[in-house]
Amino acid sequence: MLFFSKLADVKVSDQAETVAGKLMDIAIKLTPHEDYPAIAGILVKNGFGEKYISSGNIESFNHDGILLNKKISESIVDIPANEKLVLLKASVLDKQIVDLSGIRVVRVNDLQFGIVKGAMSLVALDIGKLGILRRLGFGSLFKFLKPELLEWKDVRLVGDKLQLSVGVEEIVKLHPADIANIIEKLNLNQGSELLQALDKKTAARVLEELEPEIQKILVENLGPERATSIIQKMSIDELVDLIQMLPDRKTGEFISNLSSDSTQKVKKIIEYDENTAGGLMNTEFISAFPENTVEEVVGQIKKVSQMHRGIHFVYITDKSNKFLGVVSMRKLLISGREVTMGGLVDVKSMPTATADQDVSRVASIMTKYNLLSVAVLDKDGKLLGVITVDDIMRHFVPHA
Amino acid sequence: MSKRKLFWTKLVFFFSVIGPGIIAANADNDAGGISTYSIVGAHFGTKMLWVLFLITFSLAVTQEMGVRIGLVTRQGLGGVIRERFGIKLTAVAILAMLVANVGTITAEFAGIASSLSIFGISKFITVPIAAFFVWLVLYKGSFKTAQKIFLIFSVFYIVYIINGFIVKPDFGESLRALVTPTMEWSSPFLLAMIALIGTTITPWGQFFIQSFVVDKGLNLKHYKVEKAEVFLGAFITNIVSFFIIISTAATLYKYGIDIKDAKDAALGLVPLAGKFAQGLFAFGLFSASMLGAFILPVATSYAVCEAFGWEYGFNTNWQSGKIFYSIILAAIIIPALLVLLPINLIAVMLISQDINGILLPLILIFVMKIINDKKIMGEHVNKPIGNVIAWLTIFGIIFASVMLLVSALI
């Protein structure tokens, strides 16, 4: 195996032992689905500056030197400007990368090359302590250490827009909470680039999972216009939390960019203090009237289900929006299609919260009655929204 | 939001934006700081005030550069050095920082030991307890709370300013001393002078302010506020230093008393506090030392982990952040053990600041290379005036260090 640490600065010479210069950098071509990208060429430095030699003109790579198969004058050219080359030393070595397999951000300590399908290729990125020690010249003393290697296909360069656009589909497969963890480790510019590379829906989920402080910073960094297209897709309660964190003069800017539907919902919640049930509740839930049948309600759920993260209950109200009770998912599943909601609704009086109640009060109601969610009513008993147990968890443990 | 809440949000916002400069500057007046300033005043009177005057500008300029690099690169200094200079020079920079920081943390524990020794408690009791307490708080992740508590305690410095007026020093003469360079080419003078510089502008301060700006998520539009805040911070911290020096100059220096332990240094506060001087001094030195003992191990570990790409931060657990926590632990245990050796605690506090001073130019040269690199900083590279002040500082310290070596050899 060859290492960049040992190839750097080796002599590049031709068959007649004329020296072309020292090896400065190694270039690969950016191809989306290549596990072991072949070396496209090398950068050589001599008295006249930096030049490029394509890998087709290279006979062999060795830690002692690089041998060309043609005369120097025939192989050395200016650095090609248009090809999509990734210079490994300039943009990979010592930089931070996203390790998709370990879901973390690490630094590249060394690069490993080997022959794959007859061509010298980038085999792995060394992110371990042995890589550091090798670069410092102590590698041979610490042979007992295990190398920590990552394959090219498992990493994403974060500073590189080009590579992000190619590799983003694998990132999208991760859980939003894991993507959020990666973004928290990156610096602001890299983090917002990664966020923008995601599709809007995933980006919104990721944004929900970020720590409040970082959420705020990222959104401010994106600016109202770019940020709104993403935050529009967040659930209303998270969106409200976010808007409440922004400085007062910014709040207006963001709200005015939202669609009128979201704006109304946001305004409804934003009236309440964030430590009350009203500030925490979500206004997106499934409701029905007592005369609706199971079939109608299930049909409605099928239509709108993708807008909701979890549906545990259907909230039953009368025509004036007065809260009557809930019907659980289980009851919906086991009841006949013609049964009406009025027949299914719990006759026992269901504990509820009022909008101005303190969150800790709501939490104790939910704990006492083992509720997964609780309806929030105004003083006339009209249904305003619901609070689920994960809203409560996020309120009390915001940094998890 | 209710009115009361709005007030608190605004207050928090105020602190969140104008934080880094003041905090970094304030943490500068730690155990090493208090003892060095006390010694400078007690042993040399007002002779070194001109150095303090000059390094106020140096401190402002270097801290401002740290803020600017942080705002532009959104990375800590360790990370930027790694990406710009590769791994070998990074190892050199990090090693220098490690030596300086271990020295400073040793000074913090020496400060804890000597402040409580005023009450007759042995360092073999106080240092292990303090070390364990610091580790526990950091491991439990209550770093920010601890930092705030001790930051509030550091308001204690005001007593030096009041004290400075009570001793009725000759302000005319003090102000003249600020602008009148006086030099002695002796080892004790040079030692105290380098320590004075090294405790005011520190390698860790350079890393700390940059990380702070990045972690706070401030960006370039906050630059003007930050710049003003950093300048204000440099001014405030050196006002305090000025009063510590004139306090001990007007008391200890006047009567020819050398500082051999914390009780001597406490004499500087007698004009204000009378027989309570020792208690007051002990309280101040203890708070300042604890503040440093909390901040430094963390700052050290952040920088090392960032430079070498290991996971860091208090949201990691022991498993994924093993190296991060190990470095913190080592940065507490090694200095604590060093303090338990039979050594003079005051000397430890002074010498550690000399080590900081001697290693400082190395770190500042990295900072200078970065801040003048158009590829990194774009349009935010240094202006000539900043370069002149920073290079004069660097060469000034190198010159003083060389002279120290020469004077020691002769």
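None of the values given here were measured: they were computed from a predicted structure.
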Give, as side chain, backbone, both or neither, the part of B:Val80 having an atom under 4.5 angstrom from any heavy atom of chain A.
-> neither

Any chance you could measure B:Asn382, atom CG, to B:Arg68, atom CZ, to the nearest 0.5 Å?
-> 4.5 Å

Between A:Arg107 and A:Asp99, is there a salt bridge with N-O shorter than 4.0 Å?
-> no

Residues passing the ring-ring contact (aromatic ring centres under 6.0 Å, His included) test with B:Phe294, sequence neighbours excluded, are B:Phe150

Going through the distances and angles, do A:Asp126 and A:Arg134 end up as a salt bridge (Lys or Arg N to Asp or Glu O under 4.0 Å)?
-> CA-CA 10 Å; A:Asp126 191 331; A:Arg134 195 186 310 112; 3.1 Å; yes

Check each atom of A:Lys129 against the heavy atoms of chain B and say whether the ones under 4.5 Å are side chain, backbone, both or neither.
-> side chain

Sort B:Thr90 into side chain, backbone, both or neither according to what part of it lies under 4.5 angstrom from a heavy atom of chain A.
-> neither

Under a 4.5 Å heavy-atom cutoff, which of B:Arg84, B:Glu306, B:Lys88, B:Arg82 has the most pairs with chain A?
-> B:Arg82

Under-4.0 Å salt bridge between A:Glu50 and A:Lys22 = no

If one checks every heavy atom of B:Glu83 against chain A at 4.5 Å, the contacting part turns out to be both

